[in-house]
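What follows is a single structure, written as structure tokens, with notes after it.
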Amino acid sequence: MHLDSSHRNSFAAAALVCWGNAWLAGHIGLDEAVDHIERTAGPGIVARPPSDDLPSDGGAREAALRGYLADLRLSGLTALRLALPVAGDPLGLTGPPAFNSAAIEAGQAAICVLPGRCVGLIPEADLRGSSYRGVRWTAVEAAAAVPDLPSLAEAERELNTAMLSATETLMSVEGPRQAHPGAALSGSGANDTLAPGYPGRAHRVAALSARLAHALRLADDRGLTSGQVTARGSVLRDLDRAVRRAWVAAHHAILESRAQ
């Protein structure tokens, strides 16, 4: 599960989508959006693709995140979408294969929606020297198709169902004390605060998703029999899928409200 709060850049794509969409919707300015993104993930540098023809490109192959987003806006950027794929579940992806593979390896991507095309941004840790901790975003051409994703209401229902099922199964598994989903709801320290402009329901689903992701990170198979591991693994996979779908839906909720 890539929503691991112990790694700053694990929330990089989500932060970019959340605060970037709030900026595009006019709730905040670009400077505030980038400040929040970089507070979550660290300073950002974007590696432009060779085919990049943004207005102020000037032949430069790298750009600061702030400048890159400004250039995208001049080119007609209308929205940012979140992808949280894993092998066998390409959540939020529509191709092409090169972009899908890179996004699955990273476990996350932000997809910039422009007129007639999309650009995918894939984050990786940018470590320089002994103290610098930033994010290098690799820009990759992405398919312009719209992914098949649940609405916020659908994702919330799926999440609640998966949480109840996981809790019942985990409570029935004897062995060392386990991290049950319900036990994680008192707080996880995860970055679960959405930007201004998001509906209250989205804030609630994002907070629950982040805390359940924390519970998944704490799951431990030690001391269990093979049968217990199998039973627990099945419900945790279902919960992981529901958490990722809910997290994506929460981050897209501002787009739902703009479409209404």
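If you're wondering where the values come from, they're calculated on a predicted model, not measured in any experiment.
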Regarding [X] and [Y], does a basic nitrogen lie under 4.0 Å from an acidic carboxylate oxygen?
X: Arg117; Y: Glu141; value: yes
X: Arg245; Y: Glu154; value: no
X: Asp89; Y: Arg237; value: no

Spell out, as yes or no, whether a donor-acceptor pair under 3.5 Å connects the side chain of Ser101 to the backbone of Pro97. yes
For Arg48 and Arg61, indicate whether the former's side chain and the latter's backbone hold a donor-acceptor pair under 3.5 Å. no
Applying side chain to side chain contact (heavy atoms under 4.5 Å, CB included) to Thr94 and Phe99, what does each step give before you reach the verdict? CA-CA 9 Å; Thr94 60; Phe99 172 59; over 6 Å; no
Exercise: identify the closest heavy-atom pair between [X] and [Y]:
X: Ala106; Y: Pro123; result: CB-O, 4.1 Å
X: Ala47; Y: Arg136; result: CB-NH2, 3.3 Å
X: Ala162; Y: Ala242; result: CB-CB, 3.7 Å
X: Ala139; Y: Val46; result: CB-CG1, 4.3 Å
X: Ala142; Y: Gly120; result: CB-N, 3.9 Å
X: Leu114; Y: Ser75; result: CD2-O, 3.7 Å

Hey, could you give me the [atom1]/[atom2] distance between [X] and [Y], rounded to the nearest 0.5 Å?
X: Asn100; Y: Leu93; atom1: CG; atom2: CG; value: 4.5 Å
X: Met163; Y: Glu158; atom1: CE; atom2: CD; value: 13.5 Å
X: Leu212; Y: Asp240; atom1: CG; atom2: CG; value: 10.5 Å
X: Leu16; Y: Cys112; atom1: CG; atom2: SG; value: 6.5 Å
X: Glu105; Y: Glu124; atom1: CD; atom2: CD; value: 9.0 Å
X: Asn21; Y: Leu194; atom1: CG; atom2: CG; value: 11.0 Å

Co-membership, hydrophobic cluster, residues [X] and [Y], 4.5 Å side-chain:
X: Phe11; Y: Ile45; value: no
X: Leu24; Y: Trp137; value: yes
X: Val205; Y: Leu239; value: no
X: Val119; Y: Val113; value: no
X: Leu208; Y: Leu152; value: no

With side chains defined as the heavy atoms from C-beta onward, is the minimum distance between [X] and [Y] less than 4.5 Å?
X: Leu91; Y: Leu149; value: yes
X: Leu69; Y: Leu65; value: yes
X: Trp23; Y: Glu32; value: no
X: Val135; Y: Pro43; value: no
X: Tyr132; Y: Asp126; value: yes
X: Arg81; Y: His252; value: yes
X: Leu159; Y: Val243; value: yes

Does the ring center of Trp247 lie less than 6.0 Å from the ring center of His251? yes
Kindly write out the residues that satisfy salt bridge (charged side-chain N to carboxylate O under 4.0 Å, His left out) with Asp238, not counting sequence neighbours, or none if the list is empty. none
Which residues share a salt bridge (charged side-chain N to carboxylate O under 4.0 Å, His left out) with Glu156, sequence neighbours left out: Arg201, Arg204
For Val17, run the side-chain contact (heavy atoms from CB on, under 4.5 Å) check against Leu80, Leu255, Ile37, Ile254 and tell me which one passes. Leu80
Aromatic rings Trp19 and His36: how do their planes relate, parallel, tilted or perpendicular, breaks at 30° and 60°? parallel
Only counting residues at least two apart or in another chain, list the ones meeting side chain to side chain contact (heavy atoms under 4.5 Å, CB included) with Arg66. Leu30, Asp31, Val34, Asp35, Glu38
